[in-house]
Amino acid sequence: MKLLLSWLRELVDVDLPAPTLARKLIDSTAEVESWETIGADWDPERIRVAEVVAVEPHPNADRLRLATVETGAGRQQVVCGAPNLAVGQKVAFATEGALLVDGHTGERAKLKLRPIRGVESAGMVLSEKELGLSEDHEGILELPADAPVGRPLVEQLGDVVFDITTWANRADLLGVLGLAREVSAITSKVLREPDLTYAAKGPDVGALVSVSIEAPDLCPRFTASVIESVTIGPSPAWLQERLHRHGMRPINNVVDITNYVMLETGQPLHAFDFDLVRGKRIVARRATPGEHLTTLDGVDRELDGEMLVICDGEGPVGIAGTMGGGNSEVSDRTRNVLLEVANFKPGSIRRTSTRLKLRTEASLRFEKGLGPEMAEYAQRRALHLFEALTGGRIASGLVDVFPGKQPPRTIELPAARVEQVLGMTIAPDDVRRILTDLGFVCHFVPPGHYTVQPPYWRPDVAIPDDVVEDVARIYGYDKLPATHLRGPLPAPEPRPVEDLRERVRDLAVALGFQEVITYSLTEQAKLARVVEPGDARRMAPLSVVNPVAARHSFLRTSLRAGLLEAYAGNRRQHEGPLRLFEIGSEYLPVEADLPHERPVLCALLGGTREARWARAGQHRIDFYDAKGAAEALLDGLGVPASYRPEPGYGLLDGHAAVVASGKELLGVVAQVHPDTAAAFDIGEPVFLVEFWIEDLARVLPERPEYAAPSRFPEVRQDLALVVDVETPAGRVLDLVRAHRSGTVRVAAEVFDDYRGAGLPEGKKSLALAVHYRASDRTLTDDDVARIQAGLLKRLEKEIGAALRGG
Amino acid sequence: MTAPTSALAELCADALAALASAADEAALEQWRVAWLGRQGGRVTGLLTSIKDQPADQKAAFGAEANRLKRDIEAAFAEKHEQLKRRTLRELSTTEAIDVTLPGRPQVIGRLHPVTQTLRDCVKTFGEMGFRVAEGPEVEWASYNFDAMRIPEDHPARDMWDTIWVDKLIDGERKMLLRTHTSPNQARVMERTPEPPIRVIVPGKCYRQEATDATHEWMLTQIEGLAVDEGVRMSDLKGVLYDFSRKMFGTERKIIFHHSYFPFVEPGVEMALDCFICRGEDPACHTCHGTGWIEILGAGMVHPEVIENAGYDSNRYTGFAFGIGVERVALLRWGIEDIRHFYQNDVRFLSQF
Ligand SMILES: [Zn+2]
């Protein structure tokens with residue numbers, strides 16, 4: 001919505017500078033997006049109002065004329081090329097040195113006079129383009145007939161145009177009057193309402209036309225008037241100017257009046273050529289499904305059974321509250337006008353305009369909810385202008401069908417509620433003054449409540465707290481103190497999965513991974529690269545109806561695709577190690593319910609290790625880096641786990657393991673299959689660590705398995721064990737670590753995996769560092785020998801291990 | 001008597017001469033083994049030979065030999081100390097390293113800037129007693145809109161351009177990607193039999209929106225909700241004032257101005273004083289010359305929303321707010337384009 005300062009000033013005195021006014025409106029009423037000052041660089045000395053007093057042909061050029069203008073400081077002769085120049089016109093006249101927009105180049109430049117085709121010119125009669133008002137360079141700008149000659153143009157036409165976004169519940173603010181009322185309340189200045197008077201000299205309107213409403217649920221009110229014998233013509237300059245500045249094209253005086261009154265009051269109006277209204281009657285009814293109407297914009301539209309149409313005696317002539325029909329349009333030939341000003345159910349208008357993809361100035365106002373009384377107000381205002389501007393004869397009375405008439409609403413507002421909601425007291429005098437300025441009727445009933453009647457143009461005010469808001473916003477939120485919440489704290493809800501998720505996030509960071517966040521929506525083709533084809537749930541992701549882009553059409557059922565893309569993108573940017581992770585949800589479809597949002601940690605790593613200056617760092621990150629990260633993460637959580645080889649879709653067989661703790665599967669550590677990596681444009685080995693947070697939460701120990709550190713020293717023995725090559729090292733380690741002997745604990749690490757010369761065929765040698773420690777004594781050499789013998793015996797029995805060289 | 005004594009003196013002189021010629025720690029150790037070694041050390045040998053001396057000379061010889069041992073040991077200790085000093089001197093002179101060479105890279109990970117900001121916000125509200133709750137990102141239209149007093153065919157729906165999920169349950173239950181975290185107001189109240197409530201609900205939201213430097217279709221919000229007897233709009237201001245000062249500096253000022261969200265009444269927007277230009281630059285990109293940066297929407301929970309939860313709206317009041325985490329991150333770090341966040345370029349991410 002545009003707001004012209006000049007128009008606003010007609011309705012209320014405003015002496016605030018534009019930025020201050022904008023700030024006050026933002027604080028109390030609506031969002032002021034920006035404002036533009038018209039005429040800021042019009043030199044008041046050099047650009048003034050003048051009157052054309054004579055026009056003669058140019059002696060040397062057919063297309064040019066010589067005009068004599070009265071400037072207020074004497075008559076001047078100018079050469080002019082405009083076709084619309086005529087004696088008696090008020091025009092904008094510039095003298096040498098005025099800063100203007102050049103009509104041809106569009107650049108700003110100072111006016112320099114020189115003879116045109118041999119005739120001196122004392123100045124220039126200006127078009128809109130030269131004033132920077134529009135691109136129109138065809139004809140000169142015509143000023144209102146009452147513009148005083150000699151007046152600086154900036155006083156005549158200068159203005160400030162505010163661009164305002166109003167809230168969705170305030171149709172009244174889509175009219176200058178509504179905004180003026182707010183300004184009046186904010187600044188405590190008197191509101192001057194527009195003139196609604198006119199003389200009805202025509203016949204009784206009821207004898208000319210009848211109106212019936214067949215769908216009162218969609219049409220609470222319908223008013224109609226008839227203006228006979230209008231003279232169709234252009235609107236006066238001041239009216240055209242205002243429409244222009246609101247971005248509307250003037251058409252003729254009748255149509256312009258309807259648009260003008262809409263801009264002024266917020267209430268849309270529609271004018272029919274009365275002679276084209278068949279049967280001289282109007283019916284508001286639901287459309288017959290499949291019914292058609294060609295609207296004013298020339299588009300044929302098919303209607304459905306929930307859309308309200310305005311019909312004459314034979315069929316639709318307009319889509320209610322949205323757009324009129326071409327069949328009854330006001331034209332140059334129109335003699336008699338039927339003026340419709342109605343009220344429609346907001347939701348219905350919004351539904352219709354949404355379905356038809358036809359958002360109009362009218363529908364945007366109706367959908368926000370206008371008070372039905374506004375219809376009559378706008379009728380009177382329009383008739384006032386019809387009388388003044390069309391020369392038409394106004395039929396007596398109004399046709400007014402008002403099935404939705406409601407008694408005035410009364411809201412009881414306990415005075416204590418103001419403080420209960422706001423946390424500050426506002427004196428009854430202030431409450432009453434603010435509400436009265438806004439058009440409410442307000443009585444303070446001692447000891448402690450207000451009886452409030454909201455004005456008819458404010459259907460949004462329905463409950464006491466609505467009234468509290470109106471008082472508060474005008475009173476000023478700057479007066480609201482900042483206080484502390486009081487009262488008891490609610491009990492916390494346990495959130496084991498979310499808490500774990502955050503611990504895992506911290507651990508991933510501690511392990512050197514950079515967190516990324518990828519979009520939750522992806523492509524099915526990308527998901528198919530990382531999801532097992534047999535995984536029916538993940539292969540049938542939920543899709544969205546209206547994605548922002550085709551590549552964001554499906555809710556991901558795996559994080560891997562997005563992360564591989566992020567990896568590839570970063571690999572293009574730099575060499576060296578990459579360690580990325582994301583913790584986010586997989587959205588797994590659930591029958592007849594919201595999807596399961598399953599939190600997952602997905603991490604990728606690869607590339608060359610961190611380079612060192614002492615040594616070229618050409619060592620690649622490998623599977624064991626990934627596994628090391630997984631182990632460290634689980635160690636950080638205190639979750640014991642085992643790893644076993646397990647192929648997985650999109651993973652490299654023989655380089656993939658599942659992580660388990662007891663029976664619970666927790667995740668995956670693997671090399672991404674080179675073909676899968678290549679599909680994401682990754683040409684190097686890349687490794688995956690994935691943990692499923694919910695599953696992890698099930699095995700997370702409630703508290704660490706605590707034991708006081710032993711005071712006794714540890715004994716280390718290295719063991720070289722010869723086992724079958726197929727025997728997984730993990731199995732050997734599990735056996736060693738599980739070995740117990742009284743109070744002695746055994747810890748073990750592998751420090752070498754040797755195959756080749758010196759070993760029997762089909763065997764490998766695992767070198768283990770084994771640590772023994774008792775909680776109650778210092779171990780003797782004999783103790784260690786005894787425990788180790790037991791351990792070796794067990795290893796031999798379970799996996800056929802032998803001591804190397806033993 | 002002279003013979004053994006002079007032999008001892010000779011031995012001592014030899015030992016000290018050899019000691020003097022030991023040039024480094026290794027030579028010194030060799031010397032120690034040769035002279036003082038437990039097995040075969042010449043001085044040690046001397047001491048073991050005491051018992052072989054004639055009985056009348058044993059005592060004198062023993063005394064002499066022990067004195068000699070002490071002298072030699074003392075000389076050794078001194079020599080050892082000398083060499084240690086020299087080594088340390090060399091370490092700090094001829095063996096000084098180039099400390100300007102870069103260190104060996106250690107791996108450090110980082111949280112995404114949105115996560116960092118989210119956590120800072122959560123912590124700040126946590127200190128004011130707000131618990132954290134979460135809710136689904138894929139949501140029923142009834143929670144996202146209807147429970148928030150935004151019925152179908154209401155123009156307020158224009159405020160939230162929705163991405164709809166292609167699934168309709170029972171021909172009427174519509175699924176969507178939540179456009180805001182506000183549906184969790186209803187969800188939290190639904191599972192809380194009676195106030196007090198004091199929660200924040202962080203999470204991702206989605207908008208059917210073209211992206212540009214200030215708009216991203218996936219965003220992170222924090223919903224705040226406090227419901228109890230005596231919760232006032234001034235408390236809302238206090239909470240947000242604290243939040244603003246914690247996140248943007250203790251000297252921050254805030255203002256409320258009128259706004260409209262169907263689920264609050266009154267509704268406001270909160271703005272911070274512009275800490276970039278301090279309100280002095282009409283061309284400021286951050287505040288557009290207004291001196292104020294709009295940062296979040298808030299208000300008092302609409303009595304109808306309170307009643308829908310089964311609470312008495314005459315007794316209980318509440319406030320709610322919604323914060324865009326990306327916007328907070330943009331402001332606190334002076335990031336010029338919101339689209340950086342989900343491009344996942346490590347060159348961007350690793351700066352925070
Ligand atoms: Zn600024």
Side-chain angles (χ1 to χ4, degrees), chain A residues 26-29 167-169 347 350-351 367-368 420-424 463 465-466 468-469 472-473 477-478 480-490 492-493 498 508-509 511-520 542-546 548 566 569-570 573 587 592 594-595 597 610 612-613, chain B residues 101-102 104-105 107-112 114-115 128-129 131 133-134 136-138 153-156 158-159 163-167 169 175 196-198 204 208 217-218 226 228 230-235 237-239 241 255-258 260 265-266 268 300 303 317 342 344-347 349-350:
Chain A
I26 291 171
D27 286 343
S28 303
T29 303
W167 306 117
N169 60 339
R350 179 166 168 93
R351 181 185 171 281
E367 69 173 25
K368 293 183 173 64
Q420 185 189 9
V421 170
L422 298 177
M424 65 175 169
I463 61 168
D465 287 6
D466 292 335
V468 172
E469 175 177 65
R473 67 188 177 86
Y477 289 118
D478 54 329
L480 189 69
T483 55
H484 276 295
L485 272 170
R486 305 158 298 179
L489 281 179
E493 291 179 329
E498 291 84 350
V509 166
L511 289 166
F513 288 79
Q514 166 69 54
E515 188 185 20
V516 299
I517 300 178
T518 67
Y519 292 116
S520 317
L542 288 171
S543 68
V544 299
V545 179
N546 52 341
V548 290
N570 279 293
Q573 296 300 337
Y587 304 84
L594 297 175
E597 297 180 13
E610 274 71 8
R612 301 177 179 190
W613 48 264
Chain B
L101 272 172
R104 301 212 170 84
V107 191
I108 183 162
R110 284 185 168 83
L111 288 172
H112 192 283
V114 168
T115 307
M128 293 184 256
R131 316 289 193 196
E134 287 180 36
E137 292 171 30
V138 182
D153 296 330
H154 192 283
D158 288 347
M159 296 161 79
I163 298 178
W164 293 93
V165 174
D166 192 7
K167 192 168 176 180
I169 309 298
M175 221 180 258
I197 290 172
R198 206 184 284 191
K204 285 182 189 149
Q208 220 303 336
W217 62 270
M218 182 170 91
D228 199 1
V231 173
R232 308 154 298 178
M233 199 172 199
S234 58
D235 300 329
K237 198 173 186 181
V239 164
Y241 188 31
I255 51 165
F256 277 4
H257 64 76
H258 172 61
Y260 169 69
E265 189 69 35
V268 291
M300 299 301 288
T317 48
Y342 303 125
N344 293 314
D345 187 331
V346 172
R347 293 171 303 166
L349 298 176
S350 62

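Letters A, B, ... are given to chains in the order of the sequence lines, protein chains preceding strands, and every chain is numbered from 1. A quick note: this is a predicted structure, and the numbers were derived from the prediction, not measured. Computed from heavy atoms alone, side chains included, the values below leave out hydrogens, waters and symmetry copies.
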Checking A/A592 against chain B: side chain, backbone, both or neither under 4.5 Å from a heavy atom?
-> both
Mind checking whether A/I463 and B/P303 have side chains closer than 4.5 Å, heavy atoms only?
-> yes
Sidechain N-carboxylate O distance under 4.0 Å for B/K237, A/D478 | no
Interatomic distance, CZ@A/R473 vs NE2@B/H257, rounded to 0.5 Å, equals 13.5 Å
Which of B/M159, B/K167, B/E134, B/M175 touches chain A most, by non-hydrogen pairs under 4.5 Å | B/E134
Answer with side chain, backbone, both or neither: which region of A/S520 has an atom nearer than 4.5 Å to a non-hydrogen atom of chain B?
-> both
Looking at CZ of B/R110 and CD of A/Q514, how far apart are the two atoms once the value is rounded to the nearest 0.5 Å?
-> 7.0 Å
Would you say the side chains of B/R347 and A/Q573 form a donor-acceptor pair under 3.5 Å?
-> yes
Interatomic distance, CG@A/N546 vs CD@B/Q208, rounded to 0.5 Å, equals 4.5 Å
Between A/V516 and B/L349, does a side chain to side chain contact (heavy atoms under 4.5 Å, CB included) hold up when you go through it step by step?
-> CA-CA 8 Å; A/V516 299; B/L349 298 176; 3.8 Å; yes
Could you state the interatomic distance from OH (A/Y519) to NZ (B/K204), rounded to the nearest 0.5 Å?
-> 11.0 Å
Side chain, backbone, both or neither: which part of A/E498 has a heavy atom under 4.5 Å from chain B?
-> side chain
Can you find a heavy atom in the side chain of B/D228 that is under 4.5 Å from one in the side chain of A/P488?
-> yes
For A/L594, is it the side chain, the backbone, both or neither that has a heavy atom under 4.5 Å from a heavy atom of chain B?
-> both
Part of A/E597 lying under 4.5 Å from any heavy atom of chain B = side chain
Pair count under 4.5 Å, heavy atoms only, with chain A: among B/I197, B/V239, B/I108, B/L111, highest is B/L111
Would B/R131 and A/L489 count as a side chain to side chain contact (heavy atoms under 4.5 Å, CB included) if you check the C-alpha gap in whole Å, the side-chain angles of each, and the deciding distance to 0.1 Å?
-> CA-CA 9 Å; B/R131 316 289 193 196; A/L489 281 179; 4.1 Å; yes
CZ/B/R232 to CG/A/L480 distance, rounded to the nearest 0.5 angstrom?
-> 9.5 Å
Identify which part of A/T518 has an atom lying under 4.5 Å from any heavy atom of chain B, answering side chain, backbone, both or neither.
-> both
Rounded distance (nearest 0.5 Å) linking atom CZ of A/R486 with atom CG of B/D235 | 5.5 Å
Which of B/H258, B/M218, B/M300 touches chain A most, by non-hydrogen pairs under 4.5 Å = B/H258
Measure from the side-chain N and O atoms of A/N570 to the backbone N and O of B/N344, and report whether any donor-acceptor pair falls under 3.5 Å.
-> yes
